[in-house]
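For clarity, every value in this text was computed on a predicted model and none was experimentally measured.
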Amino acid sequence: MTNLLNIRQQFPILDQKVNGKPLIYLDNAATTQKPLSVLEVCHKYYTEINANVHRGIHTLSQIATEEMELSRRKIQKFINARHDYEVIFTKGTTEGINLVAYALSSIIKEGDEIIISHLEHHSNIVPWQMLCERTGAVLRVIPIDEQGILQLDVLDKWFSEKTKLVSVNQVSNALGIVNPINEIIAKTRALSSAWVLIDGAQSAPHFDIDVQKMDCDFFVFSGHKMYSPMGTGILYGKENILEKINPFHGGGEMIATCSFEKTTYAGLPFKFEAGTPNVGGNIALGAAVDFINALGKNSIKKHETELINYTIAQLSAIDGIRIYGEKAPHSGAVSFNLEGVGIASDAGMILDKLGIAVRTGHHCAQPIMDFFNIAGTIRASFAVYNTLDEIDILAEGIRKAQKMLA
């Protein structure tokens with residue numbers, strides 16, 4: 001990107017040294033850094049308009065409400081939802097998935113089937129296991145091959161009237177592999193009446209998301225992985241489905257009427273937003289959308305694709321490196337190991353001493369590690385502010401780690 005220097009200047013955290021070395025932050029799949037425009041919105045909320053929303057007639061409450069609802073409309077456009085009330089504020093991807101899993105408790109019956117994939121984060125495994133334990137439903141897992149590519153032919157045999165939900169991620173957090181969700185959704189529509197949930201935690205920061213074109217029933221993502229504060233996120237759901245399912249949390253804000261005899265629920269989206277929300281964070285999520293839109297999704301994708309391709313090329317040139325899913329399409333991250341180095345964290349600690357922040361371990365995706373018979377990987381993951389020079393330094397750091405650990 002021609003204005004990369006200007007972009008980096010918007011992230012003051014990058015202008016520091018770690019262990020005496022300039023910080024190279026390559027852990028963006030875990031969380032991205034926040035630009036000044038987002039930080040300033042957070043600061044403004046708490047210093048100028050801090051008030052609860054939807055409940056007060058006083059000026060600050062009205063302003064806070066207007067700003068948060070404006071953010072909701074920005075997110076609606078960002079993912080191209082049909083209505084702003086199909087956008088539910090959550091704490092993040094995990095809460096969004098748990099909300100849906102809990103809501104389905106009254107719909108899923110014994111013997112019903114839920115389909116996920118082998119490439120899922122624990123947050124898209126455990127809630128469905130818990131739902132199966134509550135209801136007697138059966139969990140099916142789409143297998144992968146040695147490149148980490150989903151083997152979708154099983155769906156032709158699995159789909160039946162028992163299939164109630166398919167829940168898969170658009171991009172694997174552990175490997176950075178892009179999954180063929182359009183094909184998965186098309187098969188689901190053709191062969192079943194199941195609902196489809198797409199985990200967009202790793203795709204929303206990198207892809208142009210259009211939930212109507214995608215034709216998913218639910219879409220979830222986290223704000224902190226796309227330049228917004230932690231504790232923010234979105235559950236999108238189709239209006240007719242959100243009207244049908246029960247809320248996850250009960251309390252203030254989500255009621256229409258409440259008595260000791262009976263409570264009726266508020267309309268969308270408030271039915272699913274019990275209690276005081278993260279108002280400042282939700283407003284800042286809208287500011288993060290503004291930041292992404294100002295840069296341009298196509299420009300971001302082009303830059304990040306260049307980073308991914310360059311990383312794979314640089315790592316492939318190093319003897320003794322294994323890249324997982326090297327031949328699969330990637331977005332946002334590259335996951336690898338050093339042959340002969342038993343623990344990925346040993347290499348990660350050496351890189352840290354060089355100022356390079358990567359993630360090591362199982363990445364909350366232990367079934368993937370079990371498939372490859374490893375304890376974990378080293379993962380380099382990227383954002384709009386990363387540079388090719390940083391990847392060169394990463395490659396040199398890996399060579400140094402190899403020599404030290406040999």
Side-chain angles (χ1 to χ4, degrees), residues 1-40 42-43 173-174 176 205 224-230 291 300 303-304 306-323 332-364 375-406:
M1 301 180 75
T2 56
N3 59 342
L4 188 54
L5 178 60
N6 291 335
I7 292 172
R8 288 181 62 86
Q9 289 174 344
Q10 297 180 55
F11 294 84
I13 198 171
L14 300 178
D15 189 25
Q16 65 173 298
K17 291 186 177 181
V18 172
N19 294 317
K21 303 289 185 180
L23 171 63
I24 296 176
Y25 186 79
L26 299 176
D27 193 21
N28 296 284
T31 194
T32 54
Q33 302 304 333
K34 322 307 174 193
L36 286 170
S37 59
V38 171
L39 297 175
E40 288 165 358
C42 291
H43 184 263
N173 77 295
H224 74 97
K225 297 180 190 293
M226 49 176 283
Y227 313 109
S228 180
M230 293 183 180
F291 171 78
I300 292 172
H303 174 65
E304 292 177 343
E306 183 180 18
L307 291 172
I308 287 286
N309 292 340
Y310 190 71
T311 300
I312 292 175
Q314 291 296 95
L315 294 182
S316 298
I318 302 174
D319 291 336
I321 290 279
R322 179 179 180 182
I323 301 172
V334 178
S335 205
F336 60 96
N337 269 326
L338 311 181
E339 293 180 1
V341 176
I343 303 175
S345 60
D346 289 345
M349 286 188 286
I350 293 172
L351 293 175
D352 179 60
K353 294 298 183 183
L354 301 173
I356 305 168
V358 295
R359 181 58 57 111
T360 63
H362 56 65
H363 315 297
C364 293
T377 70
I378 306 164
R379 184 187 68 191
S381 53
F382 310 100
V384 68
Y385 40 69
N386 290 124
T387 69
L388 299 181
D389 288 342
E390 290 179 323
I391 296 169
D392 289 336
I393 297 171
L394 170 67
E396 186 58 35
I398 290 169
R399 291 186 176 94
K400 183 173 291 188
Q402 280 182 315
K403 292 179 182 178
M404 294 179 67
L405 297 170

Legend entry - Pairwise salt bridge (Lys or Arg N to Asp or Glu O under 4.0 Å) hits with a residue in residues 17-39, at least two apart: Asp27-Arg359, Asp27-Arg379
Legend entry - Closest heavy-atom pair and its distance - Ser316, Ile323: OG-CD1, 3.6 Å
Legend entry - Derivation and outcome, side-chain contact (heavy atoms from CB on, under 4.5 Å), residues Ile378 and Leu338: CA-CA 9 Å; Ile378 306 164; Leu338 311 181; 4.2 Å; yes
Legend entry - Partner residues of Glu40 under the side-chain contact (heavy atoms from CB on, under 4.5 Å) criterion, sequence neighbours left out: Leu36
Legend entry - Check: Leu394 and Val358 side chains under 4.5 Å, non-hydrogen atoms: yes
Inset, instruction - Examine distances only and state if a side-chain atom of Thr32 and a backbone atom of Tyr227 form a donor-acceptor pair shorter than 3.5 Å. - result: yes
Inset, instruction - Ignoring hydrogens and angles, tell me if any N or O in the side chain of Gln16 forms a donor-acceptor pair with the backbone of Ile13 under 3.5 Å. - result: yes
Inset, instruction - Just jot down the side-chain hydrogen bond (donor to acceptor under 3.5 Å, both in side chains) partners of Gln33, sequence neighbours excluded, or say none. - result: none
Inset, instruction - With sequence neighbours left out, write down each residue that passes side-chain hydrogen bond (donor to acceptor under 3.5 Å, both in side chains) with Ser37, or none if nothing qualifies. - result: none
Inset, instruction - Name all residues meeting the side-chain contact (heavy atoms from CB on, under 4.5 Å) criterion together with Asp319; count only those two or more places apart in sequence or in a different chain, and write none if there are none. - result: none
Legend entry - Set of residues satisfying side-chain contact (heavy atoms from CB on, under 4.5 Å) with respect to Leu388, sequence neighbours excluded: Glu306, Leu307, Tyr310, Ile391
Inset, instruction - Any pair with a residue in residues 397-406 that passes side chain to side chain donor-acceptor pair (under 3.5 Å), sequence neighbours left out, goes on the list, sorted by first then second residue, please. - result: none
Inset, instruction - Please confirm whether the backbone N or O of Pro12 pairs with a side-chain atom of Asp15, one donor and one acceptor, at under 3.5 Å? - result: no
Legend entry - All salt bridge (charged side-chain N to carboxylate O under 4.0 Å, His left out) counterparts of Asp352, not counting sequence neighbours: none
Inset, instruction - May I ask you to test the Thr31-Tyr25 pair for a side-chain heavy-atom distance under 4.5 Å? - result: yes
Inset, instruction - Under the salt bridge (charged side-chain N to carboxylate O under 4.0 Å, His left out) rule, collect the residues that match up with Glu304, sequence neighbours excluded. - result: none
Legend entry - Pairs flagged by ring pair (Phe, Tyr, Trp, His ring centres under 6.0 Å) wherever residues 386-406 is involved - sequence neighbours left out: none
Legend entry - Set of side-chain hydrogen bond (donor to acceptor under 3.5 Å, both in side chains) partners for Tyr385, sequence neighbours left out: Asn28
Inset, instruction - Show the numbers, then the answer: is there a side-chain contact (heavy atoms from CB on, under 4.5 Å) between Val334 and Ile312? - result: CA-CA 7 Å; Val334 178; Ile312 292 175; 3.9 Å; yes
Inset, instruction - Just do the side-chain contact (heavy atoms from CB on, under 4.5 Å) check on Thr387 and Arg8 with the steps written out, would you? - result: CA-CA 10 Å; Thr387 69; Arg8 288 181 62 86; 4.0 Å; yes
Inset, instruction - Calculate, to the nearest 0.5 Å, the distance between atoms CG and CG belonging to Asn386 and Leu4 respectively. - result: 8.5 Å
Inset, instruction - Identify, with sequence neighbours excluded, every residue that meets side-chain hydrogen bond (donor to acceptor under 3.5 Å, both in side chains) alongside Thr377. - result: Ser335, His363
Inset, instruction - For residues Pro229 and Val38, report the shortest heavy-atom separation together with the two atoms involved. - result: CD-CG1, 4.0 Å
Inset, instruction - List the steps, then state whether side-chain contact (heavy atoms from CB on, under 4.5 Å) holds for Gln9 with Asn6. - result: CA-CA 5 Å; Gln9 289 174 344; Asn6 291 335; 3.7 Å; yes
Inset, instruction - Would you give the length of the straight line joining atom CD of Gln314 to atom CD1 of Ile398, rounded to the nearest 0.5 angstrom? - result: 10.0 Å
Inset, instruction - Write down the atom of Thr360, the atom of Ser345, and the distance for their closest heavy-atom approach. - result: OG1-CA, 3.5 Å
Legend entry - Separation of Leu354 CG from Asn19 CG (nearest 0.5 Å): 8.5 Å
Inset, instruction - Answer yes or no: is there a donor N or O on one side and an acceptor on the other, between the side chain of His303 and the main chain of Val384, under 3.5 Å? - result: yes
